[in-house]
Number of protein chains: 2
Amino acid sequence: MQLSQSTEYAIHSLFYLAVNNNRQTVLVSEIARAQNISESYLAKIFQGLVKAGLVRSYRGAKGGYHLAVPAEKITLKNIMQAVEGTSPIYTCDHDRRDCDFVVDCLITATMKKAEKKMYEILDKITLEKLIENAEELRNQMKWLDSIPK
Amino acid sequence: MQLSQSTEYAIHSLFYLAVNNNRQTVLVSEIARAQNISESYLAKIFQGLVKAGLVRSYRGAKGGYHLAVPAEKITLKNIMQAVEGTSPIYTCDHDRRDCDFVVDCLITATMKKAEKKMYEILDKITLEKLIENAEELRNQMKWLDSIPK
DNA sequence: TATATTTGGATAATAATTGTCCGAATTATC
DNA sequence: GATAATTCGGACAATTATTATCCAAATATA
């Protein structure tokens with residue numbers, strides 16, 4: 001069970017937007033270039049992010065994208081669900097099987113609980129926190145610069 | 001992010017095996033019939049379950065499958081990983097991107113933690129527990145029988 | 001030997017993901 | 001108003017993953 005590459009693109013793109021949130025807008029072409037990924041595909045992903053309410057788009061000249069809400073309100077859970085959807089990781093086809101409802105409900109309930117635990121973690125990490133922690137880490141790693149190339 | 005149908009098949013099949021663990025062997029054809037799913041496909045899934053060490057196979061006449069370990073040692077996590085593999089839900093292609101290692105490591109670490117929380121729940125539920133709880137639930141629901149058809 | 005069964009490999013069908021393209025709509029600027 | 005710069009939406013294509021089928025070979029029983 002793996003996240004799609006689209007989710008990875010989205011996370012890094014939104015991080016990029018968060019870092020550049022002081023600018024009026026950022027072009028999708030710039031974001032794609034920064035990550036070395038397909039621009040037209042990333043454009044499609046951004047359409048979804050707009051619909052999900054995570055970014056705002058501005059059409060026309062000087063247009064581009066901007067976070068729709070502050071970076072401290074966007075969590076990894078938000079991004080993940082915006083891209084992957086919100087349907088549960090486990091569902092049972094009650095129709096197909098001569099279904100043992102009791103067992104199935106137990107399994108489904110367990111899966112839901114596990115999923116919830118996962119999202120609880122992901123909901124704690126905001127774009128803002130990522131920026132802060134990254135900055136901190138980078139400072140702590142400055143000694144690396146003293147190593148001669 | 002959803003589990004494949006194979007995982008659903010595997011869970012229900014192993015539950016079936018656990019319930020019938022008193023018998024010498026159980027045929028894959030029987031298990032497929034019980035769930036109204038494709039026999040040849042389920043056979044493929046069982047090859048994987050054998051490799052993962054969850055079931056033992058017996059070839060030839062009177063052959064079939066049997067749990068390789070007691071039902072109280074097989075968890076939903078075990079089954080899930082046997083079918084879906086163990087690679088992490090999130091990985092970053094460091095090569096493609098002009099990669100910001102620091103940010104990427106933060107994201108990866110968060111994802112790993114979330115994943116771990118999920119598996120902690122799934123690792124607590126064994127086939128045995130499912131059987132016990134299902135039994136209990138069924139007893140509590142016996143009053144349903146008093147409703148006329 | 002005949003029968004029953006899993007195994008492993010090849011292959012096909014279907015669905016999901018990833019990626020591309022283009023015309024239309026929108027906005028800023030000259 | 002004309003032009004240039006963008007996103008939007010839809011259609012489409014390519015690639016990959018999932019689901020499914022089939023068969024010959026291996027193995028076990030009787």
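Small disclaimer: the values here were computed from a predicted structure and weren't measured. Order of the sequence lines sets the chain letters (A, B, ...), proteins ahead of strands, with each chain counted from 1.
- When the side-chain nitrogen and oxygen atoms of B:Ser38 are compared with OP1 and OP2 of D:dT19, none of them lie within a distance under 4.0 Å.
- The interatomic distance linking B:Gln5 (CD) with C:dT14 (P) rounds to 15 Å, in whole Å.
- Enclosure of atom CD in B:Gln2 by more than 12 non-hydrogen atoms of other residues, nucleotides or ligands within 6.0 angstrom is indicated.
- B:Tyr41 has its OH atom 17 Å from the C1' atom of C:dT7, to the nearest Å.
- Checking the phosphate oxygens (OP1, OP2) of C:dA16, no side-chain nitrogen or oxygen of A:Ser4 falls inside 4.0 Å.
- No hydrogens or angles considered: a donor-acceptor pair under 3.5 Å links the side chains of B:His12 and A:Asp104.
- Aromatic ring centres of B:Tyr58 and B:Tyr65: separated by at least 6.0 Å.
- Between A:Arg23 and A:Glu30, at least one side-chain N (NZ, or NE/NH1/NH2) sits under 4.0 Å from a carboxylate O, which counts as a salt bridge.
- Defined by atom type and a distance below 3.5 Å, a donor-acceptor pair is missing between the side-chain atoms of A:Gln81 and A:Thr86.
- Residue A:Ala61 is the one, among A:Ala61 and A:Phe46, whose nearest nucleotide of DNA chain D lies closer to the 5' end (criterion: closest heavy atom).
- A donor-acceptor contact under 3.5 Å is formed by the side chain of B:Lys44 with the base of C:dG8.
- In this structure, the CE atom of B:Met1 is 12 Å from the P atom of C:dT17, given to the nearest Å.
- Taking atom CG of A:Leu27 as the reference point, atom C1' of D:dA4 lies 13 Å away to the nearest angstrom.
- At C:dG19, one or more side-chain N or O atoms of A:Tyr9 fall inside 4.0 Å of OP1 or OP2 (strictly under the cut-off).
- Look at B:Tyr58 and you won't find any side-chain N or O under 4.0 angstrom from OP1 or OP2 of C:dT7.
- A sub-4.0 Å separation between OP1 or OP2 of C:dT7 and a side-chain N or O of B:Tyr65 is present.
- Applying the 3.5 Å distance criterion, the base of D:dA28 shares no donor-acceptor pair with the side chain of B:Arg59.
- The separation between B:Gln24 atom CD and D:dT29 atom P is 11 Å, rounded to whole Å.
- Side-chain N/O atoms of A:Ser29 include none lying less than 4.0 angstrom from OP1 or OP2 on D:dT6.
- For the OP1/OP2 pair of D:dT21 and a distance below 4.0 Å, the side-chain nitrogens and oxygens of B:Ser40 include at least one atom meeting the criterion.
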